[in-house]
A.B. asks: 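Dropping a structure here in structure tokens format, bear with me for questions.
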Protein chains: 2
Amino acid sequence: MNQLLELGAVAPLYKGVKRLLTHELAAGDWRPGQALPSEAKLAQRFGVSIGTVRKAIDELVAERMVVRHQGRGTFVASHNASRLLFHFFHLVPRAGERQYPKTETLTFRRGRAEPQEAAKLRIAAGDPVFRIRNLLSLEGRAVAVDDQVLAQARFPDLTEKILVGRDNTIYHLYQTRYGINVLRTSERLRATLADLEVTRLLGVKRGAPLLEINRVALTYHEVPVELRRSLVNTEQHEYFSDLGKSEG
Amino acid sequence: MNQLLELGAVAPLYKGVKRLLTHELAAGDWRPGQALPSEAKLAQRFGVSIGTVRKAIDELVAERMVVRHQGRGTFVASHNASRLLFHFFHLVPRAGERQYPKTETLTFRRGRAEPQEAAKLRIAAGDPVFRIRNLLSLEGRAVAVDDQVLAQARFPDLTEKILVGRDNTIYHLYQTRYGINVLRTSERLRATLADLEVTRLLGVKRGAPLLEINRVALTYHEVPVELRRSLVNTEQHEYFSDLGKSEG
DNA sequence: AAGTGGTCTAGACCACCAT
DNA sequence: TGGTGGTCTAGACCACTTA
């Protein structure tokens with residue numbers, strides 16, 4: 001029996017395996033898209049049976065840390081367009097097909113974290129942050145304004161050029177350039193009114209109702225890595241939430 | 001090998017077991033809160049190993065059809081206050097603790113399904129429906145107005161008296177009186193403006209922004225059983241959506 | 001053909017609950 | 001004490017991918 005697998009109190013073996021694998025994933029021991037060792041090899045390394053390894057990986061799959069492909073292997077979950085669409089982008093046309101959003105970066109600034117922001121990002125108030133404003137479009141029509149807040153410490157050399165120059169989703173950038181793998185989000189929604197500037201950006205009337213989405217993006221061990229406030233024009237689009245459909 | 005377990009094409013054994021159990025659950029063979037036969041007995045009945053039965057039940061648990069209790073057994077999932085709060089009620093105070101909502105039925109009427117409603121409920125346009133309006137309160141403050149639409153055929157003898165006289169959640173009523181077990185919901189959210197009547201009910205100003213939630217409640221085999229449109233005053237409360245947190 | 005994950009089995013033992 | 005679900009094992013075989 002492997003001592004490394006033991007947790008503080010009595011706990012199932014597979015939880016120990018899961019914990020070790022999670023730590024290796026969080027440490028970036030395997031690159032995104034790369035294959036993990038086969039189940040047989042992991043079983044051998046940890047000194048447990050394959051069934052126990054499978055049970056651990058089952059949970060990693062459920063938490064979207066890894067992806068299994070029969071006959072090929074188990075891979076570090078990678079951020080791409082389809083993952084964005086199915087797990088991280090929740091706006092759909094009121095009538096018609098789901099589509100990929102187009103993102104235009106409007107402003108990129110450096111600032112300091114407000115106390116509330118700092119608490120949500122688990123950093124100290126006043127710590128340096130990036131503030132990024134994006135305009136999201138669907139079918140060529142401006143639909144939402146995004147305001148992101150990131151701790152500079154977590155994205156050391158980020159510049160507007162890097163941000164704008166990317167040819168993939170921003171979570172793919174976080175993952176490949178900074179080793180930060182966004183696993184899930186926690187969102188709070190409310191209705192609000194458009195202010196003058198957003199009114200202009202979204203092409204709605206003053207006093208038009210907008211959907212406000214406050215998102216916290218989380219990585220391994222539930223660590224928050226991004227705040228985002230979106231203001232959405234819901235005349236032609238809606239936020240969807242299919243709950244209980246075997247996960248998120 | 002049991003012929004009954006076979007599906008149309010080649011499919012894993014445990015999928016067949018799951019299918020049979022789901023059909024028995026949908027047919028109401030076991031009452032809500034009642035124990036299913038033990039895994040050993042099910043394995044014997046279906047002529048498969050316990051491991052195969054466990055895998056089938058794992059999926060039923062993930063889809064919230066049943067609940068397992070170590071040492072006691074596996075039970076038909078039952079609608080109670082805590083299940084409501086964790087899976088079907090998504091409004092939380094912007095600051096403070098989650099609370100159970102108080103529901104007051106304002107109106108109870110009979111009518112006919114509009115074409116759009118009929119499509120969503122999978123009934124024919126013009127079929128008889130119930131239309132129910134509720135006022136939801138949290139901490140003694142009116143927070144939302146609910147408009148429900150139900151097919152009369154699915155709730156044969158429903159009356160206002162039965163509805164108001166219940167001492168539990170409405171999904172508990174659906175389950176115990178009509179054998180309809182709501183398993184999950186699909187929701188679409190947008191921002192809208194308060195009309196005159198809702199303005200009065202929620203105590204907000206004319207032109208105040210409200211959160212509009214359009215819900216479809218689904219039972220076994222993804223059959224829709226209830227439509228609900230909620231208008232929410234989000235000055236003090238918000239809609240939360242924690243996605244990917246090992247199921248929705 | 002070799003390697004991977006997916007299914008299925010049979011059995012041992014443990015943890016928990018009711019009685 | 002007996003019954004239940006939970007864990008863990010070892011091995012066989014299947015399905016799929018890659019070379």
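A note on names: the letters A, B, ... follow the listed sequences, proteins ahead of strands, and every chain is numbered from 1.
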A.B. asks: Find the distance Lys55(B):NZ to dG6(D):P and express it as a whole number of Å.
C.D. replies: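 Interatomic distance, NZ of Lys55(B) to P of dG6(D): 16 Å.
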A.B. asks: Can you see if the side chain of Thr52(B) gets near the phosphate of dT7(C) - specifically, an N or O under 4.0 Å from OP1 or OP2?
C.D. replies: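 For dT7(C), OP1/OP2 do not have a side-chain N/O of Thr52(B) under 4.0 Å.
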A.B. asks: Between Leu173(B) and Phe155(B), is a side chain to side chain contact (heavy atoms under 4.5 Å, CB included) present by the stated rule, with each step listed?
C.D. replies: CA-CA 10 Å; Leu173(B) 178 72; Phe155(B) 301 86; over 6 Å; no
A.B. asks: Taking only N and O in the side chain of Tyr14(B), is any of them less than 4.0 Å away from OP1 or OP2 of dC8(C)?
C.D. replies: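 So the side chain of Tyr14(B) is outside the cut-off, no N or O lying under 4.0 Å from OP1 or OP2 of dC8(C).
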A.B. asks: For Lys15(A) and dG6(D), give me the distance from atom NZ to atom P, rounded to whole Å.
C.D. replies: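 Going from NZ in Lys15(A) over to P in dG6(D) covers 12 Å.
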A.B. asks: For nucleotides 2-4 of chain C, give me every protein contact, N/O to N/O, under 3.5 Å, one pair per line with atom names.
C.D. replies:
from	atom 1	to	atom 2	distance (Å)
dG3(C)	N2	Gly71(A)	O	3.0
dT4(C)	OP1	Lys41(A)	NZ	3.4
dT4(C)	O2	Gly71(A)	N	3.3

A.B. asks: Could you check how far CD1 of Ile57(A) sits from C1' of dG6(C), rounded to whole Å?
C.D. replies: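 So the CD1-C1' distance, Ile57(A) to dG6(C), works out to 13 Å.
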A.B. asks: With ring-ring contact (aromatic ring centres under 6.0 Å, His included) as the criterion, how do His79(B) and Tyr174(B) come out once you've worked through the C-alpha distance, each side chain's angles and the decisive distance to 0.1 Å?
C.D. replies: CA-CA 9 Å; His79(B) 276 282; Tyr174(B) 293 176; 8.4 Å; no
A.B. asks: Rounded to whole Å, how long is the line connecting atom NZ of Lys18(A) with atom P of dC8(D)?
C.D. replies: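 Computing the Lys18(A):NZ to dC8(D):P distance gives 13 Å.
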A.B. asks: Any ion pair linking Glu222(B) and Arg184(B) (charged N to carboxylate O, less than 4.0 Å)?
C.D. replies: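 Between Glu222(B) and Arg184(B) there is a salt bridge, with a charged N closer than 4.0 Å to a carboxylate O.
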A.B. asks: Is the closest basic N to carboxylate O distance between Glu187(A) and Arg229(A) below 4.0 Å?
C.D. replies: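 Not counted as a salt bridge, because no side-chain N and carboxylate O are separated by less than 4.0 Å.
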A.B. asks: Looking only at side-chain N and O atoms, does Arg54(A) come under 4.0 Å of OP1 or OP2 in dG5(C)?
C.D. replies: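 So the side chain of Arg54(A) is outside the cut-off, no N or O lying under 4.0 Å from OP1 or OP2 of dG5(C).
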A.B. asks: Examine Arg98(A) relative to Phe86(A) and say whether NZ or CZ is less than 6.0 Å from the centre of the six-membered ring and inside a 45° cone about the ring axis.
C.D. replies: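 Relative to the ring axis of Phe86(A), which defines the angle, Arg98(A) lies inside both limits.
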A.B. asks: Any idea which of dG5(C), dA10(C), dT9(D) is nearest the Ser49(A) side chain?
C.D. replies: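 In terms of side-chain proximity for Ser49(A), the closest of dG5(C), dA10(C), dT9(D) is dT9(D).
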A.B. asks: Can you tell me how far P of dT4(D) sits from CD1 of Ile50(B), to the nearest Å?
C.D. replies: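 In whole Å, dT4(D) P lies 10 Å from Ile50(B) CD1.
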A.B. asks: According to the interplanar angle, ranging from 0 to 90°, do the rings of His90(B) and Phe240(B) count as parallel (below 30°), tilted (30 to 60°) or perpendicular (above 60°)?
C.D. replies: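 Judged by the thresholds at 30° and 60°, the geometry between His90(B) and Phe240(B) is perpendicular.
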A.B. asks: If I take atom CZ in residue Phe46(A) and atom C1' in nucleotide dC8(D), what distance separates them, rounded to the nearest angstrom?
C.D. replies: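 Rounding to the nearest Å, CZ of Phe46(A) and C1' of dC8(D) are 16 Å apart.
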A.B. asks: Nearest whole Å is fine: how far is dG6(C) P from Asp58(B) CG?
C.D. replies: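 Atom CG in Asp58(B) sits about 15 Å away from atom P in dG6(C).
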A.B. asks: How many whole angstroms separate atom CG of Leu13(A) from atom P of dA10(D)?
C.D. replies: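 These atoms are roughly 11 Å apart.
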A.B. asks: Which heavy atom of Thr52(B) sits nearest to which heavy atom of Tyr14(B), and what is that distance?
C.D. replies: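 Here Thr52(B) and Tyr14(B) meet closest at O-CB, 3.6 Å.
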